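To keep things clear, I will list the structure first and then write my remarks on it.
Bear in mind the structure is a predicted one, so any value in this text is a computation, not a measurement. A, B, ... follow the sequence lines: proteins, then strands. Residue 1 opens every chain.
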There are 2 protein chains.
Amino acid sequence: MNVQLNNFNSKREAILNSTLLLVKEYGFHGAPMSQIAKHANVAAGTIYHYFDSKETLIVELYIRTKDQLAEAILEGYDESKSYKDRFFRFMINQYNFYIKNESAMVFLEQYINSPFAKNFPEKDSVLFKEKVIAFFQAGIDGEYFKKIDPRLLGPTIRGTLVAAANFRLSEHMIYSEEDITEVVQIVWDGIKRQ
Amino acid sequence: MNVQLNNFNSKREAILNSTLLLVKEYGFHGAPMSQIAKHANVAAGTIYHYFDSKETLIVELYIRTKDQLAEAILEGYDESKSYKDRFFRFMINQYNFYIKNESAMVFLEQYINSPFAKNFPEKDSVLFKEKVIAFFQAGIDGEYFKKIDPRLLGPTIRGTLVAAANFRLSEHMIYSEEDITEVVQIVWDGIKRQ
DNA sequence: ATTGTTTAATTGAACGTTCATTCGGTTGCA
DNA sequence: TGCAACCGAATGAACGTTCAATTAAACAAT
């Protein structure tokens with residue numbers, strides 16, 4: 001298509017990636033635009049060519065990161081498998097994404113607990129909502145799960161997976177398939193119809 | 001005892017309370033010392049009479065808030081009850097604390113996911129560690145729970161309760177005993193020995 | 001009780017720094 | 001030649017922190 005599009009994306013992506021890393025390391029207030037620019041090898045002014053403000057930069061980074069999470073979760077989706085198998089695949093994918101992208105996980109957690117999330121509740125990943133949350137809804141409708149509000153189910157699952165991923169990461173442990181399955185089993189046992 | 005002690009504490013407490021509220025509302029970077037001072041009805045300089053820096057103010061607020069959480073969790077502790085009953089009491093207490101102290105919950109979650117927590121891992125509530133975490137350890141030792149590392153168990157439980165409290169708070173719903181028990185049941189079903 | 005003395009608490013303007021953002025100018029591609 | 005991408009010094013606002021000055025409290029001596 002367009003060569004310029006590559007340039008456009010490469011600088012833009014570099015800015016987003018640097019923001020993710022620096023926010024993870026130093027928090028929102030500890031990641032100034034000047035440092036983000038330096039880390040991304042662009043001029044400070046260039047950031048404002050792609051983003052209106054620091055605020056929109058953060059919000060767009062959130063959407064992009066959650067899109068990536070949704071894509072990772074959906075990887076290897078197989079309609080022919082049982083609901084439980086698909087659920088475990090979802091959970092293991094999410095767990096692995098967190099392990100492999102610690103900065104993404106930390107950023108997402110920081111964002112969710114920050115004023116941003118409350119100020120822009122409509123700014124979110126469409127893919128995540130339409131595929132991942134819909135899958136959980138199907139689990140409730142299909143009576144695999146307890147009758148819980150799906151908006152409660154999502155954060156509950158996230159909480160456990162984040163806890164597990166944080167633990168593994170802080171211990172610098174190599175994670176085996178059993179480790180992951182054990183954690184997912186906690187989630188499943190908690191929410192399944194007894 | 002000492003009249004001065006009252007004054008000492010009242011200003012200090014006012015500063016801590018204002019910080020909690022403003023950090024919850026605007027985040028760490030959105031809560032400047034000048035605003036904290038104004039909200040607490042003290043001069044900017046007064047804050048530095050009680051705290052070395054903004055950083056130590058935040059850290060000391062974290063410890064105080066987690067102490068308060070620990071006290072709330074331990075309320076009505078009855079050694080004669082069964083382990084499961086005591087566990088449910090712990091969980092319901094924690095859930096209620098979150099519901100009644102939204103700013104404390106939000107602050108704790110923000111803190112845990114911020115660089116502060118990684119930079120000062122030794123700065124934490126002694127009460128929480130010696131009573132609450134010890135209780136979970138006893139649950140593992142006593143074979144009520146799956147064989148999980150207690151450092152994994154804690155955040156897992158927290159994740160679910162925070163998710164539930166956030167949900168209830170965002171929906172402005174009146175919480176009934178059944179609501180709470182339903183959530184705790186999720187946690188219990190997840191981690192108990194099957 | 002009163003007065004003088006010392007110490008602690010409190011103030012808020014001032015300081016130096018850092019920050020997000022701007023903008024006039026430059027480059028490089030179409 | 002035109003236009004979007006890009007630069008980076010400049011700007012002004014906002015920030016955390018300091019400090020000289022003021023007030024209040026505690027204590028001691030009378």
(Q) So for atom CD, which belongs to B:Q137, do other residues, nucleotides or ligands contribute more than 12 heavy atoms lying within a distance under 6.0 Å? (A)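 Yes, enclosed.
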Contacts table for residues 26-46 of chain B: side-chain donor-acceptor under 3.5 angstrom, sequence neighbours left out:
from  : atom 1 : to    : atom 2 : distance (Å)
B:H39 : ND1    : B:S18 : OG     : 2.8
B:T46 : OG1    : B:A43 : O      : 3.4

Q. Nearest-Å distance, CG (A:N9) to P (D:dA4)?
A.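 Roughly 17 Å, once rounded to whole Å.
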Q.
Under a 3.5 Å cutoff, is there a donor and acceptor pairing between the side chains of B:Y77 and B:R89?
A.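 No - no donor-acceptor pair under 3.5 Å links their side chains.
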(Q) For A:N17 and A:E13, which I'm curious about, is there any donor-acceptor pair between the side chains at under 3.5 Å? (A)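 Side chains of A:N17 and A:E13: no pair found under 3.5 Å.
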Q) Can you give one letter per nucleotide of nucleotides 11-22 of chain C, going 5' to 3': B for a protein heavy atom under 4.0 Å from the base, S for sugar-phosphate only, - for none? A) BB------SSBB
Q: Could you list all the salt bridge (charged side-chain N to carboxylate O under 4.0 Å, His left out) pairs where at least one residue sits in residues 111-128 of chain B, not counting sequence neighbours?
A: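 Listed by first then second residue: A:E102-B:K118, B:K66-B:D124.
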